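I have placed the structure first, in the form of structure tokens, so that the comments after it can refer back to it.
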Amino acid sequence: MKFIANTSDLSKYLEVAITKNETIKNISTDTRTIQKGSMFIAIKGKNFDGNDFIDDALDKGAIIVLADNKHLKNNKNEKIIYVRDSILALKKISKNILKKYNGNVVAITGSNGKTTTTNLIAKTLRNNSKTLKNFNNEIGVPLSIMNASPKSKHLVLEIGASKFKDIDYLSKILQPHIGVITNIGNSHLEKLRNISGVFKVKSEIIKNMRKDGILIVPNDNKNHLDKWKKMRSDLEVISFGMRKDSDFYATGITIKSNGLSFAISSKLIKKPIKINTLLEGEHNINNILAAFAVNYCLKNDLSSFSKSLSSNKLKNLRQIKSKWIKGSTLIDDTYNANPDSTKKSIDLLSNYKKKTVLVLGDMLELGRNKNRLHKEVGKYAKQKGIDVLIGFGSLTKHSINGFGKEGIFFNSEKALKAYLKQNITSKDVILIKGSRGMKMERFKNV
């Protein structure tokens with residue numbers, strides 16, 4: 001059961017007349033995933049206009065189409081619903097769904113760790129619906145809401161930003177009861193300019209939270225924490241982090257190449273909660289603390305939180321480990337990259353006792369400091385004892401510069417693949433990372 005399970009639901013939430021009631025099997029903005037019984041939403045993008053593919057969607061079996069091409073305004077096809085703007089129609093549907101929804105809305109934003117924290121919250125809370133895949137923008141968030149179950153007690157939704165007002169737009173739709181900011185770091189600096197800009201855009205969530213809501217934030221920067229506490233007097237602010245003055249903090253930390261163990265301590269709970277998990281990397285401690293804070297605020301059984309994290313099924317959600325060339329170990333972290341997340345991945349790689357190799361693609365959208373930030377990452381990898389740094393893309397030349405003589409630079413995909421195939425051995429642990437635009441996943445298959 002979904003909020004948009006049939007055309008009658010669509011009619012109700014979009015507030016348009018649809019005469020025939022039919023089951024909607026799936027909702028898509030891409031005709032490649034259309035099947036019989038689909039709903040197709042035509043979106044105008046930078047490179048494609050979904051309105052150009054309406055006939056294709058109908059031929060493949062779409063039973064209803066939302067379109068915003070003006071030429072379709074007075075069309076006679078009952079399967080095509082004209083709207084002024086498809087993205088604004090998604091916004092309207094979502095807002096109307098949430099007006100009638102009686103459960104809790106939890107929204108997660110931050111520079112790094114959003115998807116992992118979202119998944120941890122969803123994994124540990126009973127009866128919830130969460131973000132589809134990593135759909136966290138003005139199209140993906142409404143799609144996640146439309147696909148959520150009306151019976152869910154909690155909606156757990158990730159919201160992302162690449163420019164100012166992005167979080168404002170999405171949080172206005174959600175009006176969350178609980179807002180989580182995972183961290184403030186160097187991301188999307190091309191448009192956000194600096195850390196102050198990142199802080200500003202992530203903090204946009206605060207003004208759109210419901211009255212007397214709960215804001216969960218990191219306690220790694222006192223200035224940021226003080227500012228958050230002053231933004232809304234009606235919000236309860238809960239902090240997490242490594243500092244003992246955090247509301248929830250970690251003690252007794254043991255970091256291994258196959259997981260983490262620590263205790264969550266707080267004056268808010270009777271005794272520390274022990275955590276043993278297969279999630280790797282120190283950065284996941286903060287993700288777990290943030291997820292725990294949500295569970296605490298929603299009065300979920302805290303002992304079940306610990307049990308959920310000890311499950312063998314719960315492994316790294318971004319850094320996926322597998323056997324690779326000649327029996328080596330591959331850590332696939334190709335989803336995306338910025339300087340902070342890359343340093344966290346270096347920390348993870350440095351925990352391995354074998355020979356460590358970092359294959360790094362360019363980190364994009366870093367603005368005027370892109371060269372310096374790439375060089376800093378190279379220096380950091382050297383400081384953490386990474387054995388070999390391989391750079392791919394023009395900006396990683398600066399990373400190689402910072403790393404030194406054990407760094408190798410490639411600007412040819414073919415040459416890099418040949419190098420990996422020839423030089424990787426069974427004793428190596430390789431981590432591949434880079435910005436989404438670099439498509440570093442291409443190097444997994446050599």
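We use all heavy atoms of the structure for the numbers below, so side chains are in, but hydrogens, waters and symmetry mates are not. Each residue takes its place number in the sequence, starting with 1. Quick caveat: nothing in here was measured; it's all calculated off a predicted structure.
- Residues V357 and D387 have side chains not in contact (no heavy-atom distance under 4.5 Å, counting atoms from C-beta outward).
- Note: S239 OG to L225 CG = 5.5 Å, rounded to the nearest 0.5 Å.
- A 4.5 Å side-chain heavy-atom check between S28 and M39 finds every atom pair outside the cut-off.
- At a cut-off of 3.5 Å, with distance as the only test, a side-chain donor of N51 or D49 sits close to an acceptor on the other residue.
- Both tests pass for K200 against the ring of F164: distance under 6.0 Å to the centre and angle within 45° of the axis.
- Residues R243 and D220 are not paired through a salt bridge, judged by the lack of any N-O separation under 4.0 Å between the basic side chain and the carboxylate.
- To the nearest 0.5 Å, the span separating CD on E376 from CG on L373 amounts to 5.5 Å.
- A donor-acceptor contact shorter than 3.5 Å links the side chain of Y101 to the backbone of K153.
- D362 places no side-chain N or O within 3.5 Å of a backbone atom of L364 that could act as its donor or acceptor partner.
- For the atom pair D68 CG and S86 OG, the distance stands at 3.5 Å (nearest 0.5 Å).
- Using a cut-off of 4.0 Å between Lys/Arg side-chain N and Asp/Glu carboxylate O, D340 and K343 are scored as not salt-bridged.
- Side-chain contact, N208 with K172: no donor N or O sits under 3.5 Å from an acceptor N or O.
- A distance of 14.5 Å separates CZ of F48 from CD1 of I43, quoted to the nearest 0.5 Å.
- Within the 4.5 Å cutoff, the side chain of H283 has no heavy atoms near those of the D347 side chain.
- If you run side-chain contact (heavy atoms from CB on, under 4.5 Å) between L90 and each of I139, I145, V141, T29, only I139 comes through.
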Candidate pair L189 and V198, rule side chain to side chain contact (heavy atoms under 4.5 Å, CB included), full reasoning: CA-CA 8 Å; L189 297 183; V198 178; 3.9 Å; yes
Check against salt bridge (charged side-chain N to carboxylate O under 4.0 Å, His left out), K229 and D226: CA-CA 5 Å; K229 286 180 175 179; D226 289 344; 5.5 Å; no
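- Here E441 pairs with R436 in a salt bridge; the nearest charged N to carboxylate O distance falls below 4.0 Å.
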Full working for salt bridge (charged side-chain N to carboxylate O under 4.0 Å, His left out) between K444 and D332: CA-CA 8 Å; K444 292 190 293 181; D332 174 10; 2.9 Å; yes
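- In this view, Y419 and F410 satisfy the ring-ring contact (aromatic ring centres under 6.0 Å, His included) rule, not counting sequence neighbours.
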Check against side chain to side chain contact (heavy atoms under 4.5 Å, CB included), I108 and L157: CA-CA 6 Å; I108 301 97; L157 298 162; 6.0 Å; no
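- Side-chain contact check for M242 versus E282: some heavy-atom pair is nearer than 4.5 Å.
- Side-chain contact between M146 and Y13 is absent, with no heavy atoms from C-beta onward closer than 4.5 Å.
- Side-chain atoms of N219 and Y249 form no donor-acceptor pair, as typed in the model, at a separation below 3.5 Å.
- In terms of modelled atom types and a separation under 3.5 Å, the side chain of H374 and the main chain of M363 share a donor-acceptor contact.
- The shortest non-hydrogen separation linking K433 to S341 is CE-OG, 3.4 Å.
- Here the side chains of I87 and N137 are not in contact, with every heavy-atom distance at 4.5 Å or above.
- Residues I430 and I390 have side chains not in contact (no heavy-atom distance under 4.5 Å, counting atoms from C-beta outward).
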Residue pair N287, L289: steps toward the side chain to side chain contact (heavy atoms under 4.5 Å, CB included) verdict: CA-CA 6 Å; N287 296 333; L289 288 170; over 6 Å; no
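- A donor-acceptor pair under 3.5 Å links the side-chain atoms of S266 to the main chain of D247, judged by distance alone.
- Electrostatic pairing of K207 and D168 counts as a salt bridge here, judged by a charged N lying under 4.0 Å from a carboxylate O.
- Under the 3.5 Å distance criterion, the side-chain polar atoms of T109 are matched with a main-chain donor or acceptor of I159.
- Looking at residues two or more places apart in sequence or on another chain, you find no ring-ring contact (aromatic ring centres under 6.0 Å, His included) involving F53.
- Looking only at distances, a side-chain donor or acceptor of T131 sits under 3.5 Å from a matching main-chain atom of E158.
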Worked verdict on L260 versus N276 for side chain to side chain contact (heavy atoms under 4.5 Å, CB included): CA-CA 6 Å; L260 299 166; N276 288 290; over 6 Å; no
Stepwise side-chain hydrogen bond (donor to acceptor under 3.5 Å, both in side chains) check, N134 with Y335: CA-CA 10 Å; N134 59 303; Y335 173 71; 2.3 Å; yes
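- A donor-acceptor contact closer than 3.5 angstrom is absent between the side chains of T182 and T117.
- By the 4.5 Å heavy-atom criterion applied to side chains, T254 and K256 are counted as neighbours.
- When the shell of 6.0 Å around NZ of K397 is examined, it contains 12 or fewer heavy atoms from other residues, nucleotides or ligands.
- Aromatic ring centres of W228 and F199: separated by under 6.0 Å.
- Ion pairing between a basic and an acidic side chain is recognised when a charged N comes within 4.0 Å of a carboxylate O; E413 and K417 show such pairing.
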Residue pair K165, E204: steps toward the salt bridge (charged side-chain N to carboxylate O under 4.0 Å, His left out) verdict: CA-CA 7 Å; K165 299 295 182 184; E204 288 172 1; 5.5 Å; no
Audit row: F443, F392, ring pair (Phe, Tyr, Trp, His ring centres under 6.0 Å) steps and yes/no: CA-CA 11 Å; F443 295 109; F392 178 76; 5.0 Å; yes
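- Side-chain polar atoms of N295 and T124 form a donor-acceptor pair below 3.5 angstrom.
- Using a 4.0 Å cut-off between charged nitrogen and carboxylate oxygen, K370 and E365 do not count as a salt-bridge pair.
- In summary, the side chains of D428 and S328 do not present any donor paired with an acceptor at a separation below 3.5 Å, with no hydrogens or angles considered.
- Judged purely by atom type and a 3.5 angstrom limit, R210 has no side-chain atom pairing as donor or acceptor with the backbone of P176.
- Under the 6.0 Å cut-off for aromatic ring centres, F305 and F292 qualify, their centroids lying closer than that.
- Between the side chain of S149 and the backbone N or O of K151 there is at least one donor-acceptor pair closer than 3.5 Å.
- Between the side chains of N104 and H177, no donor-acceptor pair of N or O atoms lies under 3.5 Å.
- A donor-acceptor pair shorter than 3.5 Å cannot be found between the side chains of N128 and S152.
- Between the S171 side chain and the I167 main chain, a donor and an acceptor come within less than 3.5 Å of each other.
- Atom-to-atom distance recorded for L309:CG and S261:OG is 12.5 Å, nearest 0.5 angstrom.
- Shown here are the ring-ring contact (aromatic ring centres under 6.0 Å, His included) partners of F403, two or more places apart in sequence or in another chain: there are none.
- Side chain of N186 to backbone of P339: no donor-acceptor contact under 3.5 angstrom is found.
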